[in-house]
Amino acid sequence: MNSQIIQPPLVAWANGAFSHAPVIRKTTRIQDLTAVFADGQAWRSCDPQLPVYTVEMLETPAGEGELWTGVTHLNPGKVGNEFFMTRGHFHARREQGEVYFGLRGQGLLLLQDEHGKARLETVCAGSVHIIPGFTAHRLINTGSEILSALAVWPTIAGHDYAALQGGFALRVQEENQQICVCEVQNG
Ligand code: PA5
Ligand code: NI
């Protein structure tokens, strides 16, 4: 075997599972998502331990010029009539962008600029999402399967969750079995 040929990490496009590399895994549960969903009473009535999403990341050295590679697996479900979603964030280094690739499931990527202007992109297997700098981002699972998306972003980007404590300007809910996008006042 030629020692110059190295087996890189593998990702299974069908389900986002990494292999051939050490992975860091973090699960976010209902109890971690305080004040994220509109219906506080419905949130309190959920099982606090219920997993909402898991992020798996390749172990990578961090630093200037380095990249994280991770997959978010967002479960199907709702709190009240609002679809499960990630917390969402700006990057601490606002100018740093990110790319998401849809792997499986059906959902939306909510993007919002620093002036509070929001837009949604459909996420499905094969979708490519260029998230520019200065743009907050959140995944929303509008389907009945796990929504998985691969992401690549600079390790220097960091996360700023506090800047969005007032929430995003759009919420995605189910009404009469239809996906409904609502504008939030003061979002
Ligand atoms: O880097 C990203 O944008 C993703 O890996 C997210 O961190 C992931 O989807 C989890 O979302 P959040 O960090 O908003 O909880
Ligand atoms: Ni990000």
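In each ligand, atom 1 is the first atom listed, and ligand 1 is the first ligand listed. Below, each value reflects all heavy atoms present in this structure, side chains not excepted, and no hydrogens, waters or symmetry copies.
For atom 13 (O) of ligand 1, the closest non-hydrogen atom on the protein side is Tyr161 OH, 2.5 Å. Scanning the protein heavy atoms around atom 9 (O) of ligand 1, the nearest turns out to be Thr72 OG1, 2.8 Å. Of all protein heavy atoms, the one closest to atom 10 (C) of ligand 1 is Tyr53 CE1, 3.6 Å. At the shortest separation from atom 6 (C) of ligand 1 among protein heavy atoms lies His89 CE1, 3.6 Å. Atom 5 (O) of ligand 1 has as its closest protein heavy atom Trp153 CH2, 3.6 Å.
Remark: Arg171 is not positioned above the aromatic ring of Phe168, lacking an NZ or CZ atom under 6.0 angstrom from the ring centre and at most 45 degrees off the axis.
The pair Glu174-Lys78 meets the salt-bridge criterion, since a charged nitrogen lies less than 4.0 angstrom from a carboxylate oxygen. With respect to the salt-bridge test (charged N to carboxylate O, under 4.0 angstrom), the residues Arg29 and Asp47 do not qualify.
Looking at His159 against ligand 1, only its side chain comes within 4.0 Å, counting heavy atoms. Contacts of Trp68 with ligand 1, taken as heavy-atom pairs under 4.0 Å, are absent altogether.
Per-residue contacts place His137 under 4.0 angstrom from the following atoms of ligand 1 (heavy atoms of the residue considered): 3 (O). Those atoms of ligand 1 that come under 4.0 Å of a heavy atom in Tyr100, given as number and element, are 2 (C), 3 (O), 4 (C), 6 (C), 9 (O). Near Val55, meaning under 4.0 Å from one of its heavy atoms, ligand 1 places the atoms 8 (C), 10 (C). Numbered from 1 in the order shown, with element, the atoms of ligand 1 that lie under 4.0 Å from a heavy atom of Gly88 read 14 (O). Annotation for ligand 1: atoms under 4.0 Å from non-hydrogen atoms of Glu98 are 1 (O), 2 (C), 3 (O), 4 (C). Shown in contact with Thr86 at under 4.0 Å from a heavy atom are these atoms of ligand 1, numbered in order with element: 9 (O), 11 (O).
Counting only distance, with no hydrogens or angles, the side chain of Ser127 and the backbone of Ala125 share no donor-acceptor pair below 3.5 Å. No donor-acceptor pair closer than 3.5 Å links the side chain of Gln106 to the backbone N or O of Leu147. A side-chain donor-acceptor contact under 3.5 Å links Asn141 to the backbone of Glu145.
Leu120 and Leu109 fall within a single hydrophobic cluster, where Ile, Leu, Val, Met, Phe, Trp and Tyr side chains are chained together by heavy-atom contacts under 4.5 Å. Under the 4.5 Å side-chain heavy-atom criterion for ILVMFWY residues, a single connected hydrophobic cluster contains both Leu50 and Val79. Cluster membership check: Ile156 does not share its hydrophobic cluster with Trp68, using side-chain heavy-atom separations under 4.5 Å among Ile, Leu, Val, Met, Phe, Trp and Tyr. Hydrophobic clustering (side-chain heavy atoms under 4.5 Å, transitive across Ile, Leu, Val, Met, Phe, Trp, Tyr) groups Leu110 together with Val55.
In this structure, His137 has its ring center under 6.0 Å from that of His91.
Among protein atoms, those of element N, O or S found less than 2.8 Å away from the Ni ion (ligand 2) are His89 NE2, His91 NE2, Glu98 OE1, His137 NE2.
His73 and Thr54 share no donor-acceptor pair across their side chains, judged by distance under 3.5 Å alone.
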